[in-house]
Amino acid sequence: MKSNSNAENPEKHTGLKKGRTIKSAAGLSAVVSSGKKIFGEAGLLRGFKALSKLNQKGGFDCPSCAWPDPDDERSGLGEYCENGARAVAEEATTKKLTSSFFRKNSVKQLSELNDYEIGKTGRIAQPMFLSKGSFHYKPISWDDAFDKIAAKLNSLSSPDEAVFYTSGRTSNEAAFLYQLFVREFGTNNLPDCSNMCHESSGVALGESLGTGKGSVKLEDLYEAEVIIILGQNPGTNHPRMLTALQKAKANGAIIISINPLPETGLMEFYNPQTVKGILGISASLTDIFLQVKINGDMPLLQAIELLLLREEENNPGSVFDNEFIENNTQGFNELIAHLNQLDINQLAKSSGIKLNQITEAADILKNKKKIIACWAMGLTQHKNAVDTIKEIVNLLLLKGSIGKPGSGTFPVRGHSNVQGDRTMGIYESPSVDFLKRLEKNFNFIPPQHPGFDTVDSIKAMHAGKVKVFFALGGNFLSATPDTNFTAEALRKCKLTVQVSTKLNRSHLVHGEEALILPCLSRSDADIINGAEQFVSTENSTGVVQSSKGILKPVSEHLLSEPVIVCRLAQTTLGERSKTNWSGYSQNYDTISDDIERTIPGFENYNERVRKPGGFYLPNCNREGKFDTASSKAAFNISTFKPPELNEDELMMMTIRSHDQFNTTIYGLDDRYRGIYNERRVILMNEKDIAKRKLKDSDIVDLFNYDNGVKRSARKFIVVKYSIPEGCAATYFPETNVLVPISSVAEKSNTPASKQVIVKVSKSEDL
Ligand SMILES: Nc1nc2c(c(=O)[nH]1)N[C@H]1C(S)=C(S)[C@@H](COP(=O)(O)OP(=O)(O)OC[C@H]3O[C@@H](n4cnc5c(=O)[nH]c(N)nc54)[C@H](O)[C@@H]3O)O[C@H]1N2
Ligand SMILES: Nc1nc2c(c(=O)[nH]1)N[C@H]1C(S)=C(S)[C@@H](COP(=O)(O)OP(=O)(O)OC[C@H]3O[C@@H](n4cnc5c(=O)[nH]c(N)nc54)[C@H](O)[C@@H]3O)O[C@H]1N2
Ligand SMILES: [Mo]
């Protein structure tokens, strides 16, 4: 019998209040509000103690986003932002879930809470087990928990019947051990959150430039002449980027923002860490705002390239970097032939931007040589994401803006160590070279065939091909698309295991049996046999540095992620493995030694990771090299196909509010967008509201049809907003139920979460 719990958030409103859109991001109020939050959740002392070490050299890496820290001096006030402080507060809470909590609350009862309420319950304090047919989690010892998992894994008819997911907070050390264990066990089924995040960037950059990572360092921003920001909301998701942009602007950079929404941080910004900011003097960051239609970026970029081409033809040598193109690229003539066939007016129409505005942007770019393009989920989560990102590369290559100071690619990563996890080998399609190194160093034959990524894992579970689902962090059910389909998939598993810090919906929608293994968080002190351990992470610019937590863990029963992986490996593999699991779990330096032996760029790892500020990993683009088959950077040709929308349909993007970290909901406000106390909202253009004979604040149901399946999300409140006609926005994860499992980006298989076709109608209940 299954506990029949809710997969989705309950369809209840918390009470929408609208306020004015706060025009400027951050500022004193942001820091004060984060301070209050820290104190409220964690207690005064713990809060101060944690903040004083956040992102400091020798401190711990912020568990929020992957924005880089300055290489030189770091602010005495602490290198943190409002949302970083909230991320710490969320995990530093002293509230904990004891066995009596689970005795009182059945799985079904817990699933009736919304994500905000679930997050407020506290830290998981001991391993918990849900036996077959039971309605309540019960305590279990660590030994028994590992025995159960090992027995289940070893009973499978093939190692490929298990899937091992990773979220992006996992440290380099834990990630390295995890992929090693999974491959010794015998599968490459290593899906991760990156599959839903920057996978499209990795594929596009890898194919065109020879590395999946961005080329820009923080200092490059300060030298750039133009910074283009596409599909990213840094005010909320990478707040410290605003300080960097402010500095870039002071040095003369022009900022072009491309977004369907006028996002607050980009339009105006108070720097909380300067006196001016504290006094409330704001600076407008964006010079040109192009309010593109959802998915209009590719035609917009092509229109800019075409205008630059015309200018170059009029005045040869003045716009393109012909020497760079000649020496370093391939496919230039084909690109020019392709651009010449395109119609500028059609491109402008498809992008939703007036031609004169596009010309204004092209005019700025034509004489500039140092250009940086930054982007995030607004570009990666579309069906044509890979080609759109390659179109950014086309523009940069035409200008010779890669591999030089002040220029380059900047996919701004999400989770604080999502980039590092990939470097450590968390990847379902490892290279032959990487597998050879594992074979040589660890004396086993790794599986050679590719494993399942996130979407394919869900499909495989749904088809009954996967029996065990194991997650090292994250909230798989809520983060993935097609919530009800994914719930069915998870429920078909024999065993689901979650290594977690806090309760989430993935504990409540489970397999026949389920385990929750509670772990230390980034800010917790990790002491083994009296010795302080530290781990490491890699930020968006490829800097690896140490991270050492300092807070006393809320419970003595928590284990660190590296130790959990070691014990899992020892119990499951037993004599089969010759790897030094017990050594690793006693002293993390031994893990670093094996990372050094296995992964290029980690020479003298133990020594260099101890240096304040860490070290940069090698990046071929930075050195002006392109590790493609031809050793050249590749121009790419793509043709934009406008999405086919019926008259009554809207293109909807699922985005983050200011008060959330992915599926963790810190609060119910989105104050930069003027929305308070409610998450079940849909932002619509006033013409689209009128066309449907709706009014602002009406309650509507959202639905769509894909492959004959009707998907619906009920009871959303209409909010009139500045968004292009035909477009709409809702918050993730409430509308993940509407993202069809089959709607993915070509080549990267990333769910097209920013390109969801929906119909909107007055709520049926009213
Ligand atoms: N506080 C906080 N910080 C976070 C996170 C968080 O949830 N909270 N999440 C972390 C993670 S994992 C990630 S990946 C990042 C995410 O960081 P972002 O990518 O900034 O996050 P989203 O809210 O998904 O925002 C996407 C932006 O793209 C725009 N957009 C949507 N569709 C299009 C389009 O077709 N074209 C263009 N040009 N723009 C479009 C939206 O209007 C929005 O401004 O943030 C990381 N940091
Ligand atoms: N519709 C839609 N869907 C999306 C997106 C979108 O924009 N729209 N964005 C996608 C993106 S970019 C991403 S990255 C994914 C995120 O997907 P995930 O990474 O799977 O989700 P999170 O919400 O970040 O995971 C939060 C959970 O992680 C656990 N946790 C927190 N800290 C730790 C820790 O230190 N260790 C361990 N073991 N566990 C910890 C807590 O239990 C918490 O509940 O979602 C994707 N899904
Ligand atoms: Mo992400």
Side-chain angles (χ1 to χ4, degrees), residues 63-67 81-84 86-87 90-91 115 118-119 123-124 165-171 174 192-198 229-239 257-261 263 266 290-297 300 375-382 388 412-416 418 454 471-481 498-507 516-524 561 564 651 653-664 666 723 727 729-736 738-739 750-751 753-756:
S64 195
C65 72
W67 186 253
C81 66
E82 177 193 11
N83 275 337
R86 288 155 120 189
E90 185 77 18
E91 62 181 41
D115 288 346
I118 290 180
R123 287 281 296 267
I124 302 157
Y165 174 71
T166 315
S167 169
R169 266 190 201 173
T170 296
S171 64
D192 65 356
C193 68
S194 199
N195 292 144
M196 298 178 270
C197 185
H198 265 295
I229 302 165
L230 309 97
Q232 195 202 344
N233 178 19
T236 285
N237 298 313
H238 305 95
S257 299
I258 302 177
N259 201 305
L261 302 179
E263 300 286 28
L266 288 173
L290 303 175
Q291 193 167 19
V292 72
K293 274 199 233 171
I294 293 176
N295 199 236
D297 304 84
L300 173 62
W375 70 91
M377 297 305 101
L379 290 203
T380 62
Q381 298 173 336
H382 291 264
T388 300
V412 184
R413 304 281 162 177
H415 260 301
S416 52
V418 62
T454 293
L472 190 58
N475 182 359
F476 191 82
L477 172 84
S478 299
T480 50
Q498 310 280 337
V499 178
S500 310
T501 51
K502 297 193 80 175
L503 195 65
N504 65 44
R505 218 163 273 282
S506 298
H507 305 123
I516 309 177
L517 307 181
C519 66
L520 295 177
S521 67
R522 196 66 71 69
S523 49
D524 290 333
E561 289 184 352
I564 291 175
M651 186 59 84
M653 52 184 180
T654 55
I655 57 174
R656 292 156 170 79
S657 80
H658 194 67
D659 276 7
Q660 72 183 88
F661 188 91
N662 298 342
T663 68
T664 300
Y666 303 140
I723 184 169
C727 300
T730 51
Y731 297 132
F732 136 65
E734 282 80 351
T735 43
N736 282 36
L738 293 169
V739 185
T750 295
S753 315
K754 299 283 188 276
Q755 205 181 7
V756 189

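In what follows, residues are counted from 1 in the order of the sequence shown. Both counts, for ligands and for their atoms, begin at 1 and track the order of listing. What you see is a predicted model; the values in this text were computed from it and never measured.
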Atoms in ligand 2 with a heavy atom of [X] nearer than 4.0 Å:
X: Tyr165; result: 17 (O), 18 (P), 19 (O), 20 (O)
X: Ser500; result: 39 (N), 42 (O)
X: Asn504; result: 27 (C), 42 (O), 43 (C), 44 (O)
X: Cys519; result: 36 (N), 37 (C), 38 (N)
X: Gly473; result: 37 (C), 38 (N), 39 (N)

Strictly under 4.0 angstrom, heavy-atom based: which residues surround ligand 1? Cys65, Asn83, Cys197, Gly231, Gln232, Asn233, Thr236, Asn237, His238, Ile258, Asn259, Pro260, Leu261, Glu263, Val292, Ile294, Asn295, Asp297, Ala376, Met377, Gly378, His382, Gly414, His415, Met653, Ile655, Arg656, Gln660, Phe661, Asn662, Lys754
Just checking, is any N or O donor in the side chain of Thr730 or Thr735 under 3.5 Å from an acceptor N or O on the other one? yes
For a quick check under 3.5 Å, do Thr380 and His198 share a side-chain donor-acceptor pair by atom type? no
Considering residues at least two apart in sequence or located in another chain, which fulfil the ring-ring contact (aromatic ring centres under 6.0 Å, His included) criterion with His415? Phe661
Does ligand 2 have a heavy atom under 4.0 Å from the side chain of Thr501, from its backbone, from both, or from neither? both
Residue portion contacting ligand 2 (non-hydrogen atoms closer than 4.0 Å) for Glu561: side chain
Side-chain donor or acceptor of [X] paired with backbone N/O of [Y] under 3.5 Å:
X: Asn237; Y: Gly414; answer: no
X: Asn504; Y: Gly474; answer: yes
X: Lys754; Y: Thr654; answer: yes
X: Asp192; Y: Thr166; answer: no
X: Ser506; Y: Phe476; answer: yes

Taking only residues two or more places apart in sequence, or in another chain, which ones meet Gln232 in a side chain to side chain donor-acceptor pair (under 3.5 Å)? His238
Test of proximity, Val499 against ligand 2: N or O pairs below 3.5 Å: yes
My understanding is that only residues two or more places apart in sequence, or in another chain, count here; which of them pass side-chain contact (heavy atoms from CB on, under 4.5 Å) with Ser521? Glu91, Arg123, Thr501, Ser523, Asp524
